[in-house]
Each structure stands twice: as C-alpha cells, then as structure tokens.
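Chain A is the first sequence line, chain B the second, and so forth, proteins listed ahead of strands; every chain is numbered from 1.
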Amino acid sequence: MSHGSIGRNLFTAGPRRRGNLAAGGIGEFRDPGYELRRFQFRLGVAGAFVLVAFAVLLGRFLYLQVLQHAYYNTKAEDNRISVVPVAPNRGLITDRNGIVLARNDSAYTLEVDPRRADDLNRLFDELAGVVDIQPKDRKRFRKLLDETRGAESLPIKARLTDEEVARFAAQAFRFPGVEIKARLYRHYPFGELASHVLGYIGRITERDQEWLEAEQLTANYKGTDFIGKTGVEQSYERELHGITGSAQVEIDAAGRGVRTLSSVAPVSGNALALTLDIKLQEVAERAFGKYRGALVAIDPATGGVLAFVSKPGYDPNLFVEGIDPQSWDALNTDPDKPLNNRALTGTYPPGSTFKPFMAIMALELGKRTPEYAINDPGYFSLAGQAHRYRDWKVGGHGAVNLHKSIVISCDTYYYGVANDTDIDRLHDFLSQFGFGARTGIDVKGEQSGLLPSRAWKMKRFNQKWFAGDSISVGIGQGYNLATPLQLAYATTILANNGVVFRPHLVREVVDARTGSHRAIEPEPVATLKLNPKWLALVKSAMVDVTRPGGTAARAGAGAAYTFGGKTGTAQVIAVKQTEKYDESKVGERHRDHALFIAFAPADAPRIALGVLVENGGHGSSTAAPIARIVLDYYLTGKLPDKPPAADAEEEEEDG
Amino acid sequence: MIARLWQRFTANIDSLLFAVAALIVTLGLFTLYSAVNESPARLVTQLANILIALAAMWLAAQVPPQALMRLAVPAYLVGLAALVLVALYGDVANGARRWLHIGVTRFQPSEMMKIAMPLMLAWYFHKHEATLRVRDYVVAVALLVLPTALIARQPDLGTALLVLAAGFYVIFLAGLSWRILAGLLVAALASLPVLWSFLHDYQQRRILTLIDPSQDPLGAGYHTIQSTIAVGSGGSFGKGWLNGTQTHLDFIPERHTDFIFAVFSEEFGLVGNAILLVLYAALIARGLMIAANAPTLFARLTAGAISLIFFTYAFVNMGMVSGMLPVVGVPLPFVSYGGTALVTLFLGIGILMSIAQHRQLVQT
C-alpha cells in the first residue's frame with residue numbers, strides 16, 4: 001500500500017470501518033497492516049492530545065507564574081506575614097516624692113477564647129477541676145463578654161498561683177481555646193488610699209471605643225485592652241498609654257507566630273508625678289476616722305493639690321480585671337456611696353465658710369468699712385416684714401464689726417451685707433473666687449456648684465429675684481452650693497492675695513523615652529485686683545478664728561504656727577422658724593455637714609485647704625480638728641501631740 | 001561474572017524509560033524532603049516504597065506479554081469481586097469505603113483496577129480482533145463502566161476517573177469509530193446533570209469551588225486557593241529549594257501527597273515545571289513508541305493505555321494544583337508520597353518494559 005493510500009485510508013477511516021464492521025459479521029478477510037496503521041494513527045492523535053494538554057498546563061503556569069506572579073507573590077506574603085500590635089507598658093504614677101501609686105505587675109492569667117468554646121458553662125465546669133473558679137469569676141466573665149468589643153480572649157481567672165499554672169499546663173491539651181498568658185496588671189499598692197485621685201483602668205468597652213474613634217486613637221489602641229476609666233488614669237490617658245509598637249511576625253496557616261521578622265518597639269507611657277503627697281494623704285484620710293466627707297489641700301504657690309480626700313474610698317484594684325457583679329453591687333448599694341467623688345462632685349452649701357469672701361466683697365464694693373458695726377439682736381428682718389432670719393446665737397452677739405463678724409461667725413452681719421448688695425454684683429464678685437464654676441482641675445467629672453444670680457433664677461425657676469432670696473446667700477446657704485474642691489480653691493486664692501492658679505493633681509510628666517520632665521505647674525491664670533489692706537484685715541480675722549475667742553479656738557490651740565481658718569455648718573434638713581436645731585434629736589444622716597477652710601502659715605501660706613465632714617455636726621467640732629492634723633503634719637512633719645479637741649458646741653455654733 | 005549477572009538482571013530493563021522515571025523520582029524525593037519540613041522519617045519510608053515499587057517493576061518486566069494476557073481475566077475478575085466485597089463489607093476511612101481486609105493487611109481493590117482494567121479490555125479486543133463488531137464495543141463499555149461505578153460509589157472519584165480513563169484509552173486505541181466517540185461524548189455531556197445528582201455533597205462542592213474558589217475560602221476552596229498561590233508565587237525560577245513559604249508555613253494541605261506539585265512549583269518555579277513537563281512528556285513518548293512497535297494488539301493496547309494513564313495522572317494532578325481542575329484524589333505520578341500509587345505506576349513501567357523487550361519474540 002502506497003503512502004498516499006494510507007493517508008486516504010486513515011482520513012476516510014469512517015466509511016471503510018463501517019464496511020469492516022458490516023463484513024466482520026461474516027468473518028471477512030481483514031488487513032492487519034491497516035489495523036496497525038489505524039492504531040498508530042490513533043496513537044498519534046493521543047500523543048497530539050498529550051502535547052496539547054501539556055501546552056495548556058504550560059500556558060497556565062506561564063499565566064500564574066509570570067503574568068500574575070506579582071499578585072500571587074503578594075498573596076503569599078500576606079499569608080505569611082501578619083503585623084501584630086505590641087501594646088506599650090502603661091506609665092507609672094508616683095506621688096510628689098516618687099512613691100509609686102500605680103504600677104504594672106506581671107502575673108499569669110487563664111484566658112478563654114469565647115469563639116472557640118461551644119458551651120462555656122461546661123468548659124468552666126471542667127476547668128474548675130484544675131483551677132479554682134468561683135461563681136463570681138463566671139459572672140465576671142459573662143459581664144466582660146457582654147461589654148468587650150470583639151474579644152479574642154478574656155480572662156476567666158486572673159493572678160493564677162504557681163501551682164495552678166503547673167496544674168493547668170499539664171492538662172492544657174484538654175482545653176482548646178484556653179491559654180495561660182503572662183500579663184501586666186495595673187496594681188495600686190495603696191488600695192483605697194487616694195483611690196478617687198488615681199481612679200482606675202478597666203477593659204475597653206463599646207463606649208470607650210466610640211471615644212477612641214472620635215479622638216482618632218483606634219490605631220494606637222490596637223493591642224490595648226485597658227483604658228483609664230476615672231481619675232488621673234482617665235484624664236491623663238494620652239500620656240499614660242504610650243505608643244503601640246508593631247511586630248511583623250511570620251505566621252503559619254494556624255495563625256501561630258513562627259518568628260519575628262522585624263519589629264518596632266512600643267514606647268512606654270509617660271510616668272506621672274502627682275502633686276499629691278501620699279503620706280499627707282494618708283494622714284488626712286485617717287483623720288476622718290469613721291466620718292464620710294472630703295478634704296482638698298492645695299499648695300497656694302502653684303495650685304498643686306497636696307491632698308485630695310473623698311471618704312469612703314474603694315479599692316481600685318477590684319476594677320482592673322473587671323469587677324465581679326457581687327463587689328459591684330456592694331459598692332453601688334452602700335449607703336455611704338464610696339464610688340462618689342465627694343471632693344469633686346459633691347455639692348454642699350458652703351455655710352459660714354462663705355463669710356470671709358463676703359467680707360472681702362463688702363469692703364471692695366464699699367458696702368462696709370472695717371469700723372462699721374451693727375448691733376446684733378440675734379436676727380435680721382427685711383424692712384416691713386415680720387420674718388426673722390435668725391442668727392445661730394439666740395439673743396445675738398451685740399456690737400459686731402467686720403473683724404468680729406468673722407471671728408464669732410455672726411450671721412446677722414452678713415444678712416445685712418447680702419441685703420445691701422445687688423445679687424448680680426455679688427455673683428460677679430464672688431465668681432472671681434471660683435464659686436459657681438468649675439475650677440478646671442485635671443480630672444474629669446467636676447461639678448460647678450452654684451452661685452445664684454438673677455439670670456440663673458430666671459432660667460432655673462422662671463422667676464425674678466426677690467430681696468428675700470439674697471439674705472441667706474450671705475451666710476452661704478440658700479441657693480449656694482460648692483464642692484469641697486471649690487472651697488479649697490477659693491481659700492487658696494484668698495491665701496494667695498488674689499493670685500489664681502489652676503488646681504492640678506499632676507506635677508510633671510516624665511517622658512518615657514528621654515526621661516525629661518515636663519512640668520504641669522502653671523503660671524498664674526489670673527490676679528484679682530484686691531486691696532491688700534482688706535485682704536490683710538480678713539486674713540487676720542481668720543487667724544483670730546483659731547485663737548481664743550474664735551469659733552475654732554480649740555482646734556487651733558497649741559499650734560506651732562499661726563493659721564487662718566473659718567468654720568462652717570451646712571444644713572441637711574430645714575429647721576422651722578420656731579424650732580431650734582437639736583443635733584441629738586435628728587438621725588445621724590440628717591445631721592448638719594461640718595465645714596472648715598484654712599490656710600497656713602498665716603503670713604506666708606504654704607497650704608490652703610477645705611474640709612467637709614458629712615453629718616459631722618459643726619465645723620469646729622469635726623472639720624477643724626481634721627484640718628489641724630493635716631496642717632500639723634504638712635508644716636511640722638508631726639501629728640498633733642493629742643488629738644485636737646472639738647470646740648464646745650456652745651462656743652462655736654454657727655450658721 | 002558479575003557483569004554477566006548484571007546484564008541478565010537488567011536485560012529486560014528499558015534504559016530510557018528507567019532513566020526518565022528515575023529522574024522524576026529523584027526530583028520527587030527532593031520535593032518531598034522539603035514538603036515534610038526536612039524530617040528524614042518520611043523520606044526513609046518513601047525510599048522503601050520506591051524499592052518495593054522498583055522490585056514490582058523488575059518482576060513485571062520479566063513477565064512476557066503472553067503470560068500477562070493470561071493474567072488479565074483473572075486479575076479483572078478478582079478485582080471486580082473485591083470491589084463488590086468492599087461495597088458490602090469494606091472498611092470506612094475518611095468517609096469512604098475503600099479498603100478490604102485480607103488476613104493481616106488490607107488493600108484497595110480500586111488501585112488494582114487501574115492496571116487490571118486496561119489489561120482486561122486489551123485482552124478482550126485482542127480476542128475479538130478478527131471479528132470486531134459494534135457489540136464488542138458495547139461489551140467493552142460494560143466491562144469498563146461496572147467497576148468504575150463501584151469505585152465512584154465508594155466514593156473515590158480520583159481512582160474512578162483513572163480507571164475510566166484507562167479503559168477509555170483502550171477502547172479509543174482499539175479503533176472505536178469517531179462517530180460513536182462523538183455520540184458517547186454527547187451522551188456523557190447530556191448525562192452530566194444526572195451524574196451531578198449522584199455526586200456526594202463534597203464532590204459537588206469541589207466542582208462548584210473550582211468555578212469560584214472564593215465562595216468557600218476556608219472550606220473546599222482552601223486547597224485550591226492556597227496551592228494556586230503557591231504556584232503563582234513561585235515565579236519564573238521559584239523561591240528555591242526548602243524556601244517555599246506556603247510550604248513551610250503549613251498553608252498547603254496534603255502537601256506531601258496529592259498537593260506535592262504545589263511545593264515543587266513554589267520552590268522551582270516555571271523552569272522547574274517546564275522540566276517536569278518535559279520529563280513526563282518523554283516518559284509518555286517512550287511508552288507510546290513502545291506501543292507503536294508492539295507485536296500484538298494486546299501489547300499495543302496495553303502499552304498505549306498505560307502510557308496515557310501516566311499522562312492522565314500528571315495532567316489531572318497538575319491541573320488540580322494549579323486551579324484548573326476540581327480537587328480529586330490523584331497523586332502526581334512518581335513524586336507524591338505513598339507506596340500504593342508508586343507500585344501501580346512502576347508496575348505499569350515494568351509492563352511497558354516487558355512489551356518493549358518481547359516484541360521480536362512473537363513477531364509473525
């Protein structure tokens with residue numbers, strides 16, 4: 001068979017084969033050569049198919065490995081490398097002498113990835129066999145789970161003992177999604193002490209997250225679980241937090257880090273040195289004994305807060321890992337309201353501690369001269385009205401000039417001053433001392449108190465101002481409200497002869513990288529135009545308050561320095577016109593609040609303070625002795641030889 | 001003396017086939033070493049597998065095609081019976097009933113079918129060579145479809161595909177008319193929806209995933225996505241031996257078995273792939289040459305089908321790893337870890353060698 005005929009046969013194989021098949025049935029002769037060539041042709045077709053198929057594969061490889069190489073290479077790198085945030089260490093907080101008030105302790109914690117647990121209760125039951133897990137731990141975990149944004153792992157048990165760590169490590173294979181982690185914990189070594197100053201940190205909640213987003217801080221908080229919630233921890237969050245670092249980590253398909261390729265170290269948060277003297281703080285808090293109340297002591301030269309007490313306090317350590325519902329309820333339902341920051345947010349009538357400022361006003365506005373004296377019958381009445389505004393002393397104090405009005409805390413004198421001064425002028429003058437406005441201290445949540453004016457009354461009650469409204473304002477009652485911080489602030493301005501510093505709790509920020517100190521202590525924000533003569537007069541009267549004949553004579557007895565003060569009492573319940581307030585007859589919670597403001601030493605004050613003792617009765621009986629202890633400790637480094645005596649009620653009771 | 005022994009020993013060994021296979025196996029060992037993160041244990045096991053497979057090859061090479069032809073029917077019948085037994089009493093592993101216990105060991109009858117099927121069909125066509133009728137093709141198709149269906153039901157789509165392909169090659173090479181082939185193709189396409197409904201969920205998902213792997217990036221699509229990334233990121237020259245990040249960071253599943261080509265491709269790049277393709281092409285070409293020169297129809301069909309099975313393994317596996325074909329359990333021939341496939345493949349090589357060697361003896 002010629003070559004040509006092979007080709008023809010192969011390419012017209014169809015009809016020929018049909019012939020074959022038809023003939024095959026009757027066993028016709030077949031051509032083995034043809035069969036072989038057909039087979040070889042088919043083999044050739046198969047070989048061609050193989051080549052085409054391999055060409056397609058090669059084309060696919062060209063496409064993937066050359067044309068799309070960059071794309072897939074990026075994909076592989078994305079697979080391989082994960083940028084992991086490295087959270088910075090939070091800055092330390094120290095007192096003014098470098099004593100650490102908030103630090104970071106490392107401890108082991110047992111953490112559960114809630115996404116990897118089908119049944120948390122069963123998991124906890126099983127874990128309880130290995131590690132001590134209390135019902136409150138479970139409740140706390142649930143609470144955290146509700147509150148925390150996209151939680152990857154949450155602690156079920158913080159601060160494991162070494163034994164627990166060892167026991168869990170041996171059983172870890174039974175608990176996928178449960179891990180032991182070494183974590184830094186915020187720790188407040190002084191516990192309750194200064195808790196209202198420091199505040200605390202807690203896990204970042206949805207609300208915190210919103211704040212972070214608004215402040216565009218989310219990137220810097222990627223690896224951070226905690227944020228300042230109250231106090232200095234909150235207000236200096238930006239300083240304390242630091243700068244989050246990052247690590248480029250090679251990860252395997254399971255997401256486990258295999259090795260670190262490169263990293264940018266985090267920058268620790270800046271340390272804060274407070275103006276607070278923790279020893280003074282401790283003395284002050286202890287001086288309150290069982291009383292509730294607040295004390296703020298300020299360094300007049302800078303506005304730095306030396307002591308900032310709100311009693312009772314709470315243990316901020318409870319909050320760090322999320323407070324368990326039981327402790328939370330206990331704190332919230334405590335009638336003493338330990339979570340209230342009384343110094344910052346408690347507003348009380350300033351009572352007679354208001355009088356020295358009224359006196360300055362009377363002199364500056366020309367409403368009174370130093371010599372002018374009234375004859376006090378024991379009450380004040382508006383012209384043509386029968387209503388008697390009573391003095392605390394039945395029968396009155398007789399002839400009272402400005403000096404005496406402060407020393408013996410005469411109410412009648414200040415009813416008259418208030419009556420003679422237009423309420424708006426009174427408001428404008430006294431607001432210079434910070435009444436009715438926030439002081440601007442460097443923690444959040446401050447209350448502004450209240451210094452009434454016509455505009456305020458119209459806005460609040462839609463009523464005009466009546467002459468009668470002014471009278472009780474003169475003795476710090478009526479609509480007047482002030483925070484203990486405001487009292488201390490006003491006293492500081494007075495002690496400072498009108499030079500105003502913004503009160504602040506943080507003295508300096510210590511840069512974590514450079515170690516350089518950045519002082520917060522500000523320049524004076526204002527200097528009030530006050531006649532030095534009038535200032536001297538009022539201050540000397542305040543000194544006489546602490547001397548024999550003054551309302552705080554006993555509290556002042558035996559002091560190694562001279563100091564100025566003023567007692568005050570704020571009514572908790574209104575007393576009817578015909579009744580006399582009798583401390584022994586009212587319930588403890590309805591007793592008057594005791595107040596005292598002071599500055600020392602009198603000629604060159606180094607400390608000014610305001611004290612409020614809730615239901616403490618009279619300023620001279622509970623508040624002044626506390627002030628004396630604080631002043632003694634601050635100025636002499638010693639506590640008073642014997643506890644300062646409460647002045648007898650008869651001698652000092654005032655409005 | 002020793003030289004003479006050696007000559008006797010290697011008399012039936014086709015040096016070209018052996019050289020190409022040895023080259024591929026060597027590349028495979030290097031790739032495997034990388035895929036198992038340089039742990040020698042797996043490598044040693046694979047070396048043992050290779051030795052066993054080589055022994056099988058040598059033995060097969062000693063068996064003359066006539067003897068092989070006598071084995072065809074029994075092998076097929078035993079395989080079919082075993083498949084039936086598997087369907088009734090087989091062990092279930094990974095959701096599939098594939099294994100049959102025999103005494104102390106267990107074996108996979110479906111694997112045996114990869115060789116038994118082409119032998120059987122080749123025998124059949126050889127027997128009816130002189131009187132080939134349409135009926136014979138029908139019988140051949142039935143012989144092919146029955147075990148294939150049993151294997152697909154286990155389910156083992158990869159092996160079913162290889163067995164089906166092996167049988168089809170025999171029928172195709174035997175000269176089934178193009179019209180009927182075209183008709184079969186149309187019928188196959190038409191029956192796709194029916195076949196689809198017979199597929200298991202996971203098989204359906206694999207095919208759907210091929211169309212759009214991103215639909216299920218962590219499930220069925222994961223293998224394809226990651227292996228495609230491995231291939232693509234390999235680039236022209238690869239990341240270098242032992243330097244594949246996809247490989248060494250665990251992103252490629254089954255990377256020492258069915259997906260070992262992803263490892264090879266990532267580390268040796270387009271150049272490596274081209275070399276591998278050339279080696280496979282050489283192996284197949286040599287096999288087709290042997291087929292073309294084989295003396296009997298049985299030998300021709302067997303050799304041709306075996307060569308094309310090598311092609312099927314290589315094409316399906318590479319296509320699957322590079323994201324062109326659905327994920328089916330087909331290893332990369334002579335490279336993937338695992339003794340069973342190696343023995344089957346080297347048996348095939350051995351049969352090719354035997355056919356190459358015995359062609360003169362039966363020439364008429």
At a 4.5 Å cut-off on heavy atoms, which part of [X] comes close to chain A: side chain, backbone, both, or neither?
X	answer
B/Ala285	neither
B/Leu308	side chain
B/Ile252	neither
B/Tyr280	both
B/Ile284	side chain
B/Ser265	both

[X] vs [Y] aromatic rings, parallel, tilted or perpendicular, using cut-offs 30° and 60°?
X	Y	value
A/Phe175	A/Phe168	parallel
A/Phe124	A/Phe141	perpendicular
B/Trp178	B/Phe172	perpendicular

Query raised in the report: Does a donor on one side chain and an acceptor on the other come within less than 3.5 Å for B/His256 and B/Thr31?
Result: no

Query raised in the report: Would you say the side chains of B/Ser233 and A/Glu77 form a donor-acceptor pair under 3.5 Å?
Result: no

Requested in this report: Applying side-chain contact (heavy atoms from CB on, under 4.5 Å), run through B/Trp241 and B/Phe268 and close with a yes or a no.
Outcome: CA-CA 7 Å; B/Trp241 186 49; B/Phe268 301 110; 3.6 Å; yes

Most heavy-atom pairs under 4.5 angstrom with chain B, which of [options]?
options	value
A/Asn79, A/Leu51, A/Asn73	A/Asn79
A/Tyr71, A/Phe49, A/Tyr72, A/Tyr63	A/Tyr72
A/Arg80, A/Gln40, A/Gln68	A/Arg80
A/Leu58, A/Val56, A/Val66	A/Leu58

**Report entry** Region of A/Leu67 that comes under 4.5 Å of a non-hydrogen atom in chain B
**Finding:** neither

Which one of [options] has the most heavy-atom pairs closer than 4.5 Å to chain A?
options	result
B/Gly238, B/Ala314, B/Ala291	B/Ala291
B/Thr312, B/Leu297, B/Asn273	B/Asn273
B/Leu270, B/Thr245, B/Leu301, B/Leu288	B/Leu270

Requested in this report: Please name all residues satisfying salt bridge (charged side-chain N to carboxylate O under 4.0 Å, His left out) with B/Lys239, sequence neighbours left out, ordered by chain then number.
Outcome: B/Glu266

Report task. Apply the test salt bridge (charged side-chain N to carboxylate O under 4.0 Å, His left out) to residues A/Arg167 and A/Glu164: give CA-CA distance (whole Å), side-chain angles for both, the deciding distance (0.1 Å), then the verdict. Result -> CA-CA 5 Å; A/Arg167 230 177 316 147; A/Glu164 283 175 324; 5.3 Å; no

Requested in this report: Check whether any side-chain N or O of B/Glu267 sits under 3.5 Å from a backbone N or O of B/Leu242 as a donor-acceptor pair, and report yes or no.
Outcome: yes

